[in-house]
Amino acid sequence: MGAPVQAGTLAPMTEIAQKDRLEKLEKLRAEGPPPFPSRGVLATPTAELVEKGGTAEAPGPLIGETVTVAGRMRDLRDFGKLIFTWLNDKSGRIQVGLQKNRLAEWWPKRKLFDSGDLVAFTGELGHTQKGELTIWATEVTMQAKALAPPPEKWHGLADVEQRYRRRYVDLWASEGVREVFEARSKTLSLTRRFFEERGFLEVETPTLHPIAGGATARPFVTHHNALDSDLYLRIAPELYLKRLIVGGLERVFEISRNFRNEGLSTRHNPEFTMLELYQAQADYTHMMEHTEELVQHLATELHGTTEVEFRGERYDLRAPFQRKTYAELFREHNGCEIEDEAAVRARATELKISSEVQELGYWRLAGEVFEATVEEHLTGPVFVTDYPLPICPLAKESPENPGYAERFELFLAGMELANAFTELNDPADQMARFEEQVASKDPETPGEVDVDYVQALEYGMPPTGGLGIGIDRLVMILTNQDSIRDVLLFPTLRQKPAE
RNA sequence: GGGCGCAUAGCUCAGUUGGCAGAGCAACUGGCUUUUAACCAGUAGGUCCCAGGUUCGAGCCCUGGUGCGCUCACCA
């Protein structure tokens, strides 16, 4: 005997609106079957049944066999002594036919079962007169009574806020959502295999950093009580991974969540996933090869082709990608040389670039002009190479092109996907660049020098190439999703006020 | 943070010039053994996001707020 549902024990929406389902719950508790049994069943994925069921004209090997499926029941079509419904599971769905003459015991209980309930069915696999593969149920088990009703059946959840806030509904009620996250999972697993096969070791470095380094971004701050010290959520794993290169691990990568206390947009989430990779005896040209080969490999594995569609445009992800220098692109889109300070300053004024940025120094300013004028035109995929050295505090200067760093970023659809360089391994040079950063007025640079990192370099880091790839953005492109929120299961949202 | 837009039944959405709060789906009752967005007949369901204001009268107009989306700024 189940106790009646007490007021205040369920979500307010359910208590107000779902009296019918709550009454059914009472009945299930009093008379059975139990609404929330403890044990699951051994079920066959519906996709396997569809595959081995065949068509009415060409029946498959499982036709006539007794099978069991489990999942969410949706969309009942009641004919009086016959009910059709869909049973949805992770792999797909299959029709179930419920007939009075096969279910004598269950039949009087049928009204206690609703669309949205989690149910297991056992029965004989066959086809209907119209040729639909169907399980003719002889056994029906409630697995969990749904007290909240499913969304409207053919629009699903359309309100994007509801989709993000209640992803646990969106995943089965909106078409294509589960597939995006399956593709995301596959992307991660293929990426791991790709680099493992190239001799890389997957490592885990700290999320809590005493100094927020390795990138320029405002960090989240937290506090450790026992140590009585502030810590920062990592903005990048870079400096730890390079310590491991000093440690002799030679090839390492990490797929980590990074945290940046900055704005949200269709391309930015405060926590996001980054692949970072470091390889001894390599430079940025090797990183370009890894990048284009990985991207091509992922597209081919996921789609069987290197052609993908994103935001209505087609892109060919076949390697090798185009390569263009930063200075060359700057000239193309601004009509002046990046080193022509007077002309570039005039451009910045024209573009209404804020005076605060102007104070951060010439090369930061030129960088702003580049971002404002060039990036949106980079449909790509294209590697932008050879960035001005002053905006690359962790990269090595190009021996052929003094004043510029051996660095590239990969752009696609105007979006930065990857960032890589030949790593700076001269400790004195690194120290000088850190000190310059600390002295700058930029609120996003670290407040103190990471002396321990310089110390690590003093033990000697071999020539090394490093690469970072934004996994969320890569998944956006591979799954044709316009917003980063659509490739994050639970994107960051403003907290809902208490109801 | 700025601009633009949206917020109405569990879900998807209408709502005219300011004049009784609407539809489809879901739910409930009845009918139906081959549907697949089943069908037929009926019933019930509302803090019109919140708080003020204007008005005889506000879902609609005004002010402020909240949430969400897009966009700009920000994000090397």
Side-chain angles (χ1 to χ4, degrees), chain A residues 11-21 23-24 56 74-86 93-102 111 114-116 126-134 136 146-166 169 173-174 215-218 235-236 260-270 272 326 352-354 356-357 360-361 363-368 370-372 375 387-388 390-395 405 407 409 416 419 437 440 442-445 482-483 485 491 493-497 499:
Chain A
M13 181 272 285
T14 308
E15 288 187 5
I16 297 159
Q18 301 310 320
K19 267 177 68 184
D20 301 319
R21 288 188 186 236
E23 280 165 20
K24 291 177 186 183
R74 297 207 64 190
D75 188 13
L76 287 87
R77 304 178 292 284
D78 187 345
F79 290 82
K81 295 186 182 65
L82 164 71
I83 302 165
F84 285 112
T85 187
W86 292 111
R93 67 172 196 177
I94 192 166
Q95 180 166 267
V96 178
L98 302 155
Q99 291 168 301
K100 188 181 179 187
N101 56 18
R102 288 191 195 226
K111 297 279 186 184
D114 289 306
S115 178
H127 288 96
T128 62
Q129 291 167 8
K130 295 255 168 81
E132 180 76 39
L133 186 69
T134 299
W136 298 106
L147 301 179
E152 204 249 20
K153 68 182 170 194
W154 65 79
H155 291 101
L157 271 183
D159 180 341
V160 285
E161 179 184 0
Q162 291 306 318
R163 291 192 42 226
Y164 299 147
R165 287 200 193 276
R166 299 212 289 233
V169 175
S174 307
T216 311
R218 289 184 170 85
I235 57 175
R260 298 188 182 175
N261 203 342
E262 282 159 0
L264 293 82
S265 80
T266 49
R267 291 169 300 281
H268 299 88
N269 196 67
F272 63 100
Y326 192 90
K352 298 194 172 77
I353 287 169
S354 74
E356 292 138 52
V357 175
L360 294 177
W363 288 102
R364 280 292 305 279
L365 180 72
E368 295 287 331
F370 183 91
E371 280 181 35
E375 287 195 359
Y387 281 61
I391 59 172
C392 311
L394 299 161
R407 171 182 176 181
E409 289 192 357
E416 180 193 337
N419 181 18
Q437 270 192 310
S440 93
D442 189 345
E444 299 193 352
T445 53
D482 287 355
S483 172
R485 294 191 180 108
L493 300 174
R494 198 179 299 271
Q495 223 167 341
K496 196 88 174 166
E499 289 181 39

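Quick note on labels: first sequence line is chain A, next is B, and so on, each numbered from 1. Since the structure is predicted, the reported quantities are computational estimates derived from the model, not experimental observations.
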Colleague: What distance, rounded to whole Å, do you find between the two P atoms, one in B/rA23 and one in B/rA14?
Modeller: 16 Å
Colleague: Quantified in whole Å, what is the C1' atom distance between nucleotide B/rC20 and nucleotide B/rC60?
Modeller: 15 Å
Colleague: Taking the C1' atom of each, how far is B/rC49 from B/rA9, in whole Å?
Modeller: 15 Å
Colleague: Please state the C1' separation for the pair B/rU16 and B/rU71 - nearest whole angstrom.
Modeller: 32 Å
Colleague: Figure out the CZ/C1' separation between A/R165 and B/rG10, and round it to whole Å.
Modeller: 18 Å
Colleague: Using the P atom as the point on both nucleotides, what is the distance between B/rC62 and B/rU54, in whole Å?
Modeller: 15 Å
Colleague: For nucleotides B/rC25 and B/rG65, find the distance between their C1' atoms and express it as a whole number of Å.
Modeller: 34 Å
Colleague: Using Watson-Crick or G-U wobble geometry with both distances below 3.5 Å, tell me the partner of B/rA27, or none.
Modeller: B/rU43
Colleague: Students often get this wrong, so: under 4.0 angstrom with heavy atoms, is A/D78 touching a base, only sugar-phosphate, or nothing?
Modeller: base
Colleague: Output the rounded distance in Å from CG (A/N269) to C1' (B/rC74).
Modeller: 16 Å
Colleague: For A/R407 and A/I391, indicate whether the former's side chain and the latter's backbone hold a donor-acceptor pair under 3.5 Å.
Modeller: yes
Colleague: Counting any heavy atom closer than 4.0 Å, what does A/T266 reach on the DNA or RNA strands: base, sugar-phosphate only, or nothing?
Modeller: sugar-phosphate
Colleague: Mind checking if A/R485 touches a base, just sugar-phosphate, or nothing, with heavy atoms under 4.0 Å?
Modeller: sugar-phosphate
Colleague: Does A/T134 use its side chain to pair, donor to acceptor, with the backbone of A/V96 at less than 3.5 Å?
Modeller: no
Colleague: Can you tell me, in whole Å, how much space there is between the C1' of B/rC56 and that of B/rG18?
Modeller: 12 Å
Colleague: Tell me: CZ of A/R74 to C1' of B/rG10, nearest whole Å?
Modeller: 13 Å
Colleague: State the pairing partner of B/rU63; accept Watson-Crick or G-U wobble contacts with both distances under 3.5 Å, and report none otherwise.
Modeller: B/rA51
Colleague: So which nucleotide does B/rU36 pair with, by the Watson-Crick or G-U wobble rule with both distances under 3.5 Å?
Modeller: none
Colleague: For B/rA73, which nucleotide in any strand shown is its Watson-Crick or wobble partner with both distances under 3.5 Å?
Modeller: none
Colleague: Taking atom P in both B/rG57 and B/rG52, what distance in whole Å separates the two?
Modeller: 16 Å
Colleague: Answer with base, sugar-phosphate or nothing: what part of the nucleic acid does A/Q95 contact at a heavy-atom distance below 4.0 Å?
Modeller: base
Colleague: Tell whether A/N101 reaches the base of B/rU33 with its side chain through a donor-acceptor pair below 3.5 angstrom.
Modeller: yes
